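Since this is a predicted model, take the numbers as computed values, not measurements. In what follows, chains carry the letters A, B, and so on, assigned in the order in which the sequence lines appear, proteins first and then strands, with residues in each chain numbered from 1.
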2 protein chains.
Amino acid sequence: MNKQPKYRQVADVLRREIDNGIYAPGARLPSENDLQQRFDASRNTIRNGLSLLVSEGLITSSQGLGYEVKSHEVFELNATRFENLTFPQNGDAYSTDVTNAGRRPHQTFRVEMLPASKDVAERLKVPAGTKAVLRFCHRYVDDVPWSTQATYYPSWLVEASPRLAEPGDIEEGTTRYLASRGIEQVGYFDEIAARMPTPEEARLLEIGAGVPVMLWTRTGYSVDRPIRCTITTFRGDLNRMNYEIGELSARGENA
Amino acid sequence: MNKQPKYRQVADVLRREIDNGIYAPGARLPSENDLQQRFDASRNTIRNGLSLLVSEGLITSSQGLGYEVKSHEVFELNATRFENLTFPQNGDAYSTDVTNAGRRPHQTFRVEMLPASKDVAERLKVPAGTKAVLRFCHRYVDDVPWSTQATYYPSWLVEASPRLAEPGDIEEGTTRYLASRGIEQVGYFDEIAARMPTPEEARLLEIGAGVPVMLWTRTGYSVDRPIRCTITTFRGDLNRMNYEIGELSARGENA
DNA sequence: TTGCTCAGCTTGTTGGTACAAGCTGATAGG
DNA sequence: CCTATCAGCTTGTACCAACAAGCTGAGCAA
């Protein structure tokens with residue numbers, strides 16, 4: 001006898017019905033009250049089952065509205081083209097990609113100087129606590145928060161390239177600006193991790209329960225040392241990262 | 001007045017105490033009963049707060065034992081070196097990496113033939129439902145489930161390379177075997193996504209609540225068409241993926 | 001010493017109640 | 001006609017109670 005707790009049975013039944021399309025993406029689930037009668041269970045038990053599905057990222061709940069099946073459209077982000085080594089364009093790639101997808105980009109921007117955290121200092125190969133310039137970007141697509149991007153530059157680099165520390169945008173892109181100052185990025189090292197959002201991240205990206213974030217850390221190198229460290233935080237449900245390696249003429253292009 | 005619900009206050013206080021090291025990784029939290037008295041709240045309210053932290057991936061709970069602060073050691077997986085185009089080694093890379101990290105690798109393996117799912121068929125550029133060979137690998141590190149890897153080969157390729165469909169291991173590695181049959185992988189396209197595990201994935205990887213999975217889809221290409229599609233599923237809390245792009249002689253190597 | 005049982009701790013499950021808070025559509029009032 | 005209010009739906013928060021199930025160590029028995 002495979003006796004599962006009642007709240008798990010509730011979750012299993014509803015999950016299967018969602019998978020089978022009985023409740024399509026965007027559709028509303030029956031109310032807790034209805035489900036109580038259907039499954040002959042208390043409201044707490046039903047809520048336990050539903051909260052399981054919420055934490056799986058399958059449904060969302062909103063007070064006064066009910067439970068809704070999530071629909072997932074993902075945004076493809078090309079990490080190798082995002083910042084082409086031969087044609088650096090930096091932040092522009094985001095606006096271009098989003099516009100090409102028929103969506104409306106929007107971003108806020110700020111610059112500050114602060115001591116580098118341990119993680120950042122390690123990657124920039126400077127002592128922990130050393131001052132670094134942070135250029136921070138909060139990005140939206142169609143007014144939905146999409147990602148945050150924090151780029152740190154070591155102080156030795158800022159002395160040689162003062163515009164990095166100025167609050168304004170850098171028209172030609174930072175990578176190109178640095179190249180014009182004789183500092184060329186010749187390679188980068190990417191790290192990708194996934195975890196549940198901190199409350200701070202959940203707030204900035206307006207993430208509900210059951211949605212992980214992806215952390216994309218890119219450390220850029222000149223010929224002799226690291227010159228920047230960019231940490232991008234995405235909503236995991238709305239983004240997918242792509243890398244193109246080697247010869248891919250056989251792939252063609254999607255739409 | 002910033003009035004937060006009591007269960008959130010509980011979670012916030014405990015989260016801060018965990019961040020500050022008052023409860024170190026691996027340490028046990030006070031019991032629900034103790035916390036009831038400390039916060040003057042009912043057991044359900046305490047449980048709500050704790051379950052928030054569980055779904056954030058900060059702590060785990062086990063019946064009879066209590067709540068424990070999670071410790072996170074991550075395993076670095078080098079995606080560019082994992083399968084070097086010039087020195088293909090395929091599955092061996094995993095065993096080598098794990099052994100080098102001083103851990104003990106272990107894997108189970110199976111081969112089957114089945115109709116390709118829509119996602120796989122799209123990537124292999126064959127009609128959906130076409131037969132494909134699946135080589136499936138379930139990997140452990142120190143007897144802890146670590147990842148599952150499913151590689152699909154299109155049937156036209158299997159006809160030219162029959163050993164792909166045989167259940168046994170391919171000693172020299174599949175990429176090298178294919179090269180010996182005149183089919184060379186000259187490039188690949190990687191897609192990385194993160195989401196909460198399905199119950200099936202949670203079972204295979206023994207994932208508790210609050211831990212996302214990373215999905216790594218690698219499509220390999222010969223000069224004129226896709227030759228394979230590998231879908232790897234990781235525990236998000238134990239793995240980090242790395243890409244090395246361009247010239248990185250300045251990076252050196254960690255330890 | 002060794003091995004077993006069990007009391008007493010822990011969290012897990014399920015039931016109940018009550019009120020707060022958010023949303024929507026009907027309806028009364030201008 | 002337009003607008004404001006409110007009844008009646010939804011989920012959110014908070015409490016209580018009881019028993020099930022898993023783990024550990026004390027202490028008894030061989």
Please output the side-chain donor-acceptor pairs of residues 196-208 of chain A that fall under 3.5 Å, not counting sequence neighbours, one pair per line with the distance.
residue, atom, partner, partner atom, Å
A:Thr198, OG1, A:Glu201, N, 3.1
A:Glu200, OE1, A:Arg203, NH2, 3.3
A:Glu200, OE2, A:Arg203, NH2, 3.2
A:Glu201, OE1, A:Arg195, NH1, 2.8
A:Glu201, OE1, A:Thr198, N, 3.0
A:Glu201, OE2, A:Arg195, NH2, 2.9

Distance-only check: which donor-acceptor pairs under 3.5 Å involve side-chain atoms of residues 66-73 of chain B, not counting sequence neighbours?
residue, atom, partner, partner atom, Å
B:Tyr67, OH, B:Glu32, OE2, 2.8

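A:Phe39 is linked by a ring pair (Phe, Tyr, Trp, His ring centres under 6.0 Å) to nothing, counting only residues two or more places apart in sequence or in another chain. With sequence neighbours left out, B:Asp142 forms a salt bridge (Lys or Arg N to Asp or Glu O under 4.0 Å) with B:Arg103. Qualifying salt bridge (Lys or Arg N to Asp or Glu O under 4.0 Å) partners for A:Glu56, counting only residues two or more places apart in sequence or in other chains: A:Arg15. Judged as a side chain to side chain contact (heavy atoms under 4.5 Å, CB included), and not counting sequence neighbours, the contacts of B:Arg38 are B:Val13, B:Leu14, B:Glu17, B:Tyr23. B:Arg110 meets the salt bridge (Lys or Arg N to Asp or Glu O under 4.0 Å) test with B:Glu112; sequence neighbours excluded. Applying the salt bridge (Lys or Arg N to Asp or Glu O under 4.0 Å) rule to A:Asp143 yields the partners A:Arg104; only residues at least two apart in sequence or on another chain are considered. Residues meeting the ring pair (Phe, Tyr, Trp, His ring centres under 6.0 Å) test with A:Tyr243, sequence neighbours left out: B:Tyr243.
Relative ring orientation between A:Trp216 and A:Phe234 is described as parallel, the plane-to-plane angle staying below 30° on a 0-90° scale split at 30° and 60°.
Residues from residues 63-71 of chain B placing a heavy atom under 4.0 Å of any atom in DNA chain D, listed by number, are B:Gln63, B:Gly64, B:Leu65. Contacts between residues 33-51 of chain B and DNA chain D, defined by a heavy-atom separation below 4.0 Å, involve B:Ala41, B:Ser42, B:Arg43, B:Asn44, B:Thr45, listed by number.
In the 5' to 3' direction, nucleotides of DNA chain D lying under 4.0 Å from heavy atoms of chain A begin and end at D:dT10 to D:dT13.
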